[in-house]
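Structure record follows, encoded as structure tokens.
Predicted model only: the values in this text are computed from it and were never measured. The chains referred to below are lettered A, B, ... by the order of the sequence lines, with proteins before strands, and numbering in each begins at 1. Computed over heavy atoms, backbone and side chain alike; hydrogens, waters and symmetry mates excluded.
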Number of protein chains: 2
Amino acid sequence: MNQALKPDISAPANLSAGIYSDLQRKLIVGDLRPAENLSIRTLAEEYKVSAMPVREALRQLASEDALIGAAKKAYRVPNLTSEQAADLFFVRAVLEGAAAEIAAERVSEADIKILRKHNIDLEAAWGKQHASDFLFANYQFHRHVYSLTGNSALQSMIDALYVRTGPWLAYGITNLVKPDKWMGEHDHIITALGQRDKAETRRLMEEDARWGVELFRELG
Amino acid sequence: MNQALKPDISAPANLSAGIYSDLQRKLIVGDLRPAENLSIRTLAEEYKVSAMPVREALRQLASEDALIGAAKKAYRVPNLTSEQAADLFFVRAVLEGAAAEIAAERVSEADIKILRKHNIDLEAAWGKQHASDFLFANYQFHRHVYSLTGNSALQSMIDALYVRTGPWLAYGITNLVKPDKWMGEHDHIITALGQRDKAETRRLMEEDARWGVELFRELG
DNA sequence: GCATTCATTCTGTGATCACAGTTTATGATA
DNA sequence: TATCATAAACTGTGATCACAGAATGAATGC
């Protein structure tokens, strides 16, 4: 997950790894919808490989609860309940808050520039109500911040949360359009980072993570 | 990982799942040592199954960085560097601290009683310098606390950290005996929980997580 | 006696097959 | 036309085989 997100299968140490990261990306940006079924054999045909690498990728995603895998039944994208979503966003706030505090100590001007770029992409996607572009830009923004910690364990854990919330967020954005609801907390985060203000950066990052829960409440 | 830790393969929805949790337990309590090699075929013989379920269990553990899986080379237990270990304990402090704060709001007298029991087991194991018993009791104690949150995403993430630090902690305890070094922070945690003191519980829990790093520093 | 090379053994990976549950579609019956 | 039984299609799971690269050993050269 530390690799760049390419549209196709990227640098394959294994075939499984390539399929895994491709599906991961599709989950993060919401290309796969809640309750959607994923079949080993069908995906194997699409990726033009045997069933073997696909089943390993799916099993791996299921072990992270990014997919649901019941015995003898098709894998499927989870449909989060309100409690489950709230739990995920809580953990995200805790981890990203701690990460942001460290990031504020290490951020450079080059980082600020990159974050601004991601934020422009993000607002453009929001203006067009393009869910997957929005989620991708949002992920890129946040990822750049918490990658500044240099803590790979922390990074992969946060990544896993984006994978799990992606399908649900995409559904919420697409089916529950509230363009005025989102005010762009990211600008404030960039400002706080630029000022190396640890406490404020943390506070804003936690608040931003909570935004997902807000959106969720209206979905019911 | 939310299942009880049994010595043998437990309720097998799959064969893979049973092997997975058995290896997981062995990692947590340090039955597997750093740099130890795990071969698919060898384990398949031990578990009396084909290679199929074993390779899926190993791949899954490798995906969580609980094992190292290079291409065409044997899976092996990671040998943590000082930076890696510090990163893991940092995340553990962040997550368990947040969890402890919630636990302090929800803890019951029955919970306190269970925690005391785990603590007695823990100190007995420490007195005998029995690494795996100690790590198991320690895990049970902490797990009971953060399970009080009811947040399964949070729980499985913390579990994953115990899996990754287990082998290294066992090595440290066995090869670097400092019986006087450890003063039993757990008693204070139980007290703070009993008083429903959120801030103090969090502070103590974060401090306790930092203990692993201390032990680590002396290991070099 | 020591280093180097080559063969053997061991490693994970991918493909293919058989099997047993699940789901879906079809057809018969009222 | 609606409902239920039955069969066909689809699902993940486990086992087995072939293969290529890595590690290990022994034998050969110096």
Side-chain angles (χ1 to χ4, degrees), chain A residues 1 3 8-24 26-27 32-79 167, chain B residues 1 3 8-24 26-27 32-79 167:
Chain A
M1 191 51 198
Q3 292 297 351
D8 208 3
I9 299 177
S10 60
N14 301 333
L15 289 182
S16 315
I19 295 166
Y20 173 79
S21 57
D22 189 56
L23 290 173
Q24 201 171 219
K26 289 195 167 110
L27 286 165
L32 299 174
R33 284 171 304 178
E36 181 169 350
N37 275 0
L38 297 182
S39 145
I40 292 179
R41 289 172 177 84
T42 304
L43 287 174
E45 283 185 21
E46 291 181 13
Y47 287 113
K48 299 184 195 301
V49 294
S50 86
M52 205 61 243
V54 175
R55 66 190 279 190
E56 294 193 316
L58 291 179
R59 174 178 288 271
Q60 197 165 314
L61 287 165
S63 81
E64 306 167 14
D65 295 313
L67 295 177
I68 296 176
K72 253 78 175 182
K73 290 201 289 189
Y75 285 93
R76 71 173 186 281
V77 181
N79 215 332
Chain B
M1 194 49 199
Q3 294 296 350
D8 209 0
I9 298 179
S10 59
N14 299 335
L15 288 182
S16 316
I19 296 166
Y20 173 79
S21 55
D22 189 54
L23 291 173
Q24 202 171 216
K26 289 197 168 106
L27 286 165
L32 299 174
R33 285 172 302 177
E36 181 169 351
N37 274 2
L38 297 182
S39 143
I40 293 179
R41 288 172 178 86
T42 305
L43 286 174
E45 282 183 23
E46 290 181 14
Y47 286 114
K48 297 185 196 302
V49 295
S50 85
M52 204 65 243
V54 175
R55 65 190 278 189
E56 294 192 318
L58 290 179
R59 174 177 286 273
Q60 197 165 316
L61 288 165
S63 81
E64 305 167 15
D65 295 313
L67 294 178
I68 296 177
K72 253 77 174 184
K73 289 201 289 187
Y75 286 92
R76 72 174 185 279
V77 181
N79 214 332

| field | Side-chain heavy atoms of A:E45 within contact of A:K48, under 4.5 Å | value | no

| message | Go nucleotide by nucleotide along DNA chain C from the 5' end; which of A:S16 and A:A71 gets its closest nucleotide reached first? | response | A:S16

Atom pairs under 3.5 Å, N or O on each side, protein against nucleotides 9-11 of chain D: can you list them with distances?
residue : atom : partner : partner atom : Å
D:dT11  : OP1  : A:S39   : OG           : 3.3

| Gap between atom CD of A:E64 and atom CD of B:Q60 - 0.5 Å precision | 8.5 Å

| 5' to 3' on DNA chain C, which nucleotides open and close the contacts with chain B (atom under 4.0 Å from a heavy atom)? | C:dT11 to C:dG14

| query | What distance do A:L15 atom CG and A:Y47 atom OH have between them, rounded to the nearest 0.5 Å? | reply | 11.5 Å

| said: Please compare B:R55 and A:G69 by the position of their nearest nucleotide in DNA chain D and report the one closer to 5'. | reply: A:G69

| query | Can you tell me how far CG of B:L43 sits from CD1 of B:I19, rounded to the nearest 0.5 angstrom? | reply | 8.0 Å

| What's the spacing between B:L67 CG and B:Q24 CD if we round to 0.5 Å? | 10.5 Å

| said: In the structure I gave you, are the side-chain heavy atoms of B:R59 and B:Y75 within less than 4.5 Å of one another anywhere? | reply: yes

| message | If you define the side chain from C-beta out and look only at heavy atoms, does anything of A:L23 sit under 4.5 Å from A:L58? | response | yes

| task | State the OG-NZ distance between A:S39 and A:K73, to the nearest 0.5 angstrom. | result | 15.5 Å

